[in-house]
There are 2 protein chains.
Amino acid sequence: MSPVSSSRAERKGARQRGISDATVARLPAYHRALTGFLDRGVTTVSSEELATAAGVNSAKLRKDLSQLGSYGTRGVGYDVDYLIYQIARELGLTQDWPVVIVGIGNLGHALANYGGFASRGFRIAALVDANPGLAGETVNGLEVQPIGALERIVADDGVCIGVVATPAAAAQGVCDRLVAAGVTSVLNFAPVPLQVPPGVDVRKVDLASELQILAFHEQRKQTATPQPKGLAG
Amino acid sequence: MSPVSSSRAERKGARQRGISDATVARLPAYHRALTGFLDRGVTTVSSEELATAAGVNSAKLRKDLSQLGSYGTRGVGYDVDYLIYQIARELGLTQDWPVVIVGIGNLGHALANYGGFASRGFRIAALVDANPGLAGETVNGLEVQPIGALERIVADDGVCIGVVATPAAAAQGVCDRLVAAGVTSVLNFAPVPLQVPPGVDVRKVDLASELQILAFHEQRKQTATPQPKGLAG
DNA sequence: CCGACTTTGTGCAGGTGTTCACAAGCGTCT
DNA sequence: AGACGCTTGTGAACACCTGCACAAAGTCGG
């Protein structure tokens, strides 16, 4: 799939231990499902159980996991602890990833307060906003910093992942500054395609697009189902 | 691809005027890029210009648009106004889509205040939260309603799109109530795969997963690029 | 009216992702 | 030890998506 990656460091065929993009995109779901089993005290799962919990086909799950290595036991299944560790290692969750969020509007606030990041190795290093009126405000224990501090923050904390939650008009400029400062991965919530140099990854999350895609299917359902009553011609 | 759709009303081959999922997922980007051209007074665009603005390949753009019909003029390009209308009609943006948001936490707040919805035909019909302490609070001019009002809201306003922004533990229950009340499209922000009956569409947006995917590639870059200095063996 | 130029729409080849079906392998029970 | 049942890992077929390259079809200038 890779619906958003606009630029990649490695060429397709030259990936060191080829894990396909589609598989990588599903690993977080497997990891999350596995932690669910762990919390319930389950020590072993079959591909069928794990696939159901993750919402995928069991054959696809096995093929995905086989790309990481042969971590299962035939006739038994997968050891929950061990598989969690392997996926976490593959995803880099065993490292500490400092993240800077730029644009502390409604969405930036929500992201700053979102607990799902911290629990997976992502540490919010700083919040940055261009509006000087926001500078000094504290969100989730972090003080909002002026945009001028961006370069210093990235350098001092070794930030390599940036989150762009600015209005569309400001997104490309912020992205350029992030990249210039040394960020090599960008998560973009602004509804514009960001231009980045080779070697920098961009993933895009577009809330309005998601609703529009749902609306498309919804419309199809409505026009395709005029059967509730008469008027059948 | 179809990374999120878990259940679809129509079977693959039986779509009435087959527009592929991959194409549908890109139509919102085209629509947005076109409105940008419109705002700047551009009346005609070539596939190359539009593709660049939308961040895709021009051949892919032409192939996508050809699925809607032959709306271009060879030697000239596409009429901006006309193409905007055609895409909007195809996506159902010419209709009014009432949406209910369940779960008014950080993310729910941000969604309720997000301007990108209203400008594309999506009207937030109601905000709902299970926490009675929130009921009565006003967000973006809308009063938060108790979860008990869900069924009545869906029925009265003809809501067919629901947004789940609850904690993971509550998501499936909320989804079940939405579907039972008549909602047939769900946008899920909770980090669990929702189970829905046939005919109901689900799209999932998982913020933590996106960061994890970026971390994977980031880790690959770091381990694959030990070339800054010596130690070349 | 004709020829040159521009741009769309598409046939085709290559690649990626998905699914089925089954052999290989592991544990267990007798 | 050997047979049996269960589950993984994977070969192969299929479907889908992407991108190239070009014919078809329009505009514009003379």
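Chain letters run A, B, ... following the sequence lines, proteins first and then strands; every chain starts at 1.
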List the steps and the verdict of side-chain contact (heavy atoms from CB on, under 4.5 Å) for B:H31 and B:L27. CA-CA 6 Å; B:H31 184 264; B:L27 288 182; over 6 Å; no

Hey, mind stepping through A:R62 and A:E48 against salt bridge (Lys or Arg N to Asp or Glu O under 4.0 Å) and telling me if it holds? CA-CA 9 Å; A:R62 288 197 299 275; A:E48 194 65 42; 5.3 Å; no

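There is no side-chain donor-acceptor pair under 3.5 Å between B:Y114 and A:N106.
Whole-Å rounding puts the A:E48 CD to D:dT8 P distance at 9 Å. Whole-Å rounding puts the A:L61 CG to D:dG9 P distance at 10 Å.
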How would you summarise protein contacts on nucleotides 22-30 of chain D per nucleotide, using B for base, S for sugar-phosphate only and - for none, with heavy-atom distances below 4.0 Å? --BBSS---

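Take the nearest nucleotide of DNA chain C for B:S46 and for A:T23: the residue whose nucleotide is more 5' is B:S46.
The shortest distance between the side-chain N/O atoms of A:Y78 and the OP1/OP2 oxygens of D:dG9 is below 4.0 Å. Between A:N57 and C:dG17, a side-chain N or O to OP1/OP2 separation shorter than 4.0 Å is absent.
Out of D:dG9, D:dA21, C:dG9, the shortest distance to the side chain of B:A59 is found at D:dA21.
Both key distances under 3.5 Å define a Watson-Crick or G-U pair, and stretches of 3 or more such consecutive pairs in DNA chain C run C:1-30 with D:1-30.
Under 3.5 Å, the side chain of A:K63 and the base of D:dG9 form no donor-acceptor pair of N or O atoms.
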Hey, can you pull the donor-acceptor pairs under 3.5 Å for the side chains in residues 168-193 of chain A, sequence neighbours left out?
| from | atom 1 | to | atom 2 | distance (Å) |
| --- | --- | --- | --- | --- |
| A:Q172 | OE1 | A:Q195 | N | 2.9 |
| A:Q172 | NE2 | A:D176 | OD1 | 2.8 |
| A:Q172 | NE2 | A:Q195 | O | 3.0 |
| A:R177 | NE | A:E151 | OE2 | 3.0 |
| A:R177 | NH2 | A:I147 | O | 3.3 |
| A:R177 | NH2 | A:E151 | OE1 | 3.0 |
| A:R177 | NH2 | A:E151 | OE2 | 3.4 |
| A:T184 | OG1 | B:E218 | OE1 | 3.0 |
| A:T184 | OG1 | B:E218 | OE2 | 2.4 |
| A:S185 | OG | B:E218 | OE1 | 2.4 |
| A:N188 | OD1 | A:A190 | N | 2.9 |
| A:N188 | ND2 | A:A190 | O | 3.2 |
| A:N188 | ND2 | A:V192 | O | 2.9 |

